[in-house]
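Quick notes on the structure that follows.
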Amino acid sequence: MIIGLMFMVILILIPDRYLALSIMLLCFISMLSITLVSDFSPILLDTRDQYIIMPKPVNDRTIALSRITFIAIKLFNQVIALCLPLLIYVFFNWDIIAIFLLVVQLLLSTLVALVFVNGFYLISIKYLPIQKFKDIITYLQIGLSMIIFLAYYLGPNLIQTIVESQLTIEQLKFLWLFPSTWIASFQSLLLGDHSLQIILFSVLGIAVPLFGIYACTQLFSRVLTQK
């Protein structure tokens, strides 16, 4: 919840709602991804249930979907704590439609983190030996920890620069590459910006999480069960 208060500060300090949401959702997705890699790797890669499930008529898609659903339910406890300060703030400062839209954006962002980490695991398992895959997970945890420390040092200075220079999303084009920017574009549509770029970002914000679910449960599920 303390980290959720830090996310709330981003919305308070940056006047441009689209830019503020893009940065806040990027931090939100990054935090969930780090949690998934550090805390839920044993769940995704647990093999104990194979002795019970494999002899039964349960297909690979069901096994993969059940694990993702289980992780999503446990992750939702953390999502509530992270989002509570944000929702309290917007309840008193935004209109009711924007609040409901923010809830949808937070759910889609959670889904992006979930399918991104699961997709990375499934693709790595498919093309790498198991020992090499374990090494990659270790290196990934170290890399994500370094990113967190850098964010603590550089984040406040970045926000101060954005506020003082009154930067917009158009001037920070590197943010266009992140799903958080696509999902944040829903608020711009609500505020009346119907440009082609915003519409395209909104379509990507919906299509990418849905395609991620399809890829994890349909395209890569057999690989996970075999490995």
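Just so you know, residue 1 is the first one in the sequence shown, and it goes up from there.
Connectivity analysis of hydrophobic side chains (ILVMFWY, heavy atoms under 4.5 Å, direct or indirect) links V115 to L111, I213. Grouped by direct or indirect side-chain proximity (heavy atoms under 4.5 Å, Ile/Leu/Val/Met/Phe/Trp/Tyr only), M146 sits with I142.
Side-chain contact check for L82 versus L32: some heavy-atom pair is nearer than 4.5 Å. In this structure, the side chains of I206 and F186 come closer than 4.5 Å at one or more pairs of heavy atoms. Annotation: side chain of Y18 is in contact with side chain of T181 (closest heavy-atom distance under 4.5 Å). In this structure, F7 and I3 have side chains that are in contact, with non-hydrogen atoms separated by less than 4.5 Å.
Screening V90, I96, I97 against W94 for a side chain to side chain contact (heavy atoms under 4.5 Å, CB included) leaves a single residue, V90. Put simply, the residue from I10, L86, L11 that forms a side chain to side chain contact (heavy atoms under 4.5 Å, CB included) with L21 is L11.
In terms of the side chain to side chain contact (heavy atoms under 4.5 Å, CB included) criterion, residue partners of S30 (sequence neighbours excluded) are, by chain and number, L26. Legend: residues meeting side chain to side chain donor-acceptor pair (under 3.5 Å) with S202, ordered by chain and number and at least two apart, are S185. Partners of L19 under the side chain to side chain contact (heavy atoms under 4.5 Å, CB included) rule, at least two apart in sequence or in another chain, are I14, D16, I23, I162, I169, L172, L175. Every residue two or more places apart in sequence or in another chain was checked for a side chain to side chain contact (heavy atoms under 4.5 Å, CB included) with L177, and none qualifies. Listed by chain and number, the residues in a side chain to side chain contact (heavy atoms under 4.5 Å, CB included) with L13 are V9, I159, V163 (sequence neighbours excluded).
Cluster membership for I73 and I80, using ILVMFWY side-chain heavy atoms within less than 4.5 angstrom, is not shared. I12 and M6 fall within the same hydrophobic cluster, where Ile, Leu, Val, Met, Phe, Trp and Tyr residues are linked whenever their side-chain heavy atoms come under 4.5 Å apart, directly or through other members.
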> Between L87 and F91, is a side chain to side chain contact (heavy atoms under 4.5 Å, CB included) present by the stated rule, with each step listed?
Replying inline: CA-CA 6 Å; L87 295 176; F91 180 78; over 6 Å; no

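Residue pairs that meet the side chain to side chain donor-acceptor pair (under 3.5 Å) test with at least one member in residues 1-15, sequence neighbours left out, do not exist here.
Note that the OG atom of S109 and the CH2 atom of W182 stand 12.0 Å from one another [nearest 0.5 Å]. Here the CE-SG distance, from M8 to C83, works out to 13.0 Å after rounding to the nearest 0.5 Å.
Closest heavy-atom contact between G205 and L108: O-CD1, 4.0 Å.
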Expected list for residues 99-107: side-chain donor-acceptor pairs under 3.5 angstrom, two or more places apart:
residue : atom : partner : partner atom : Å
Q105    : OE1  : Q187    : NE2          : 3.0
Q105    : NE2  : I183    : O            : 2.7

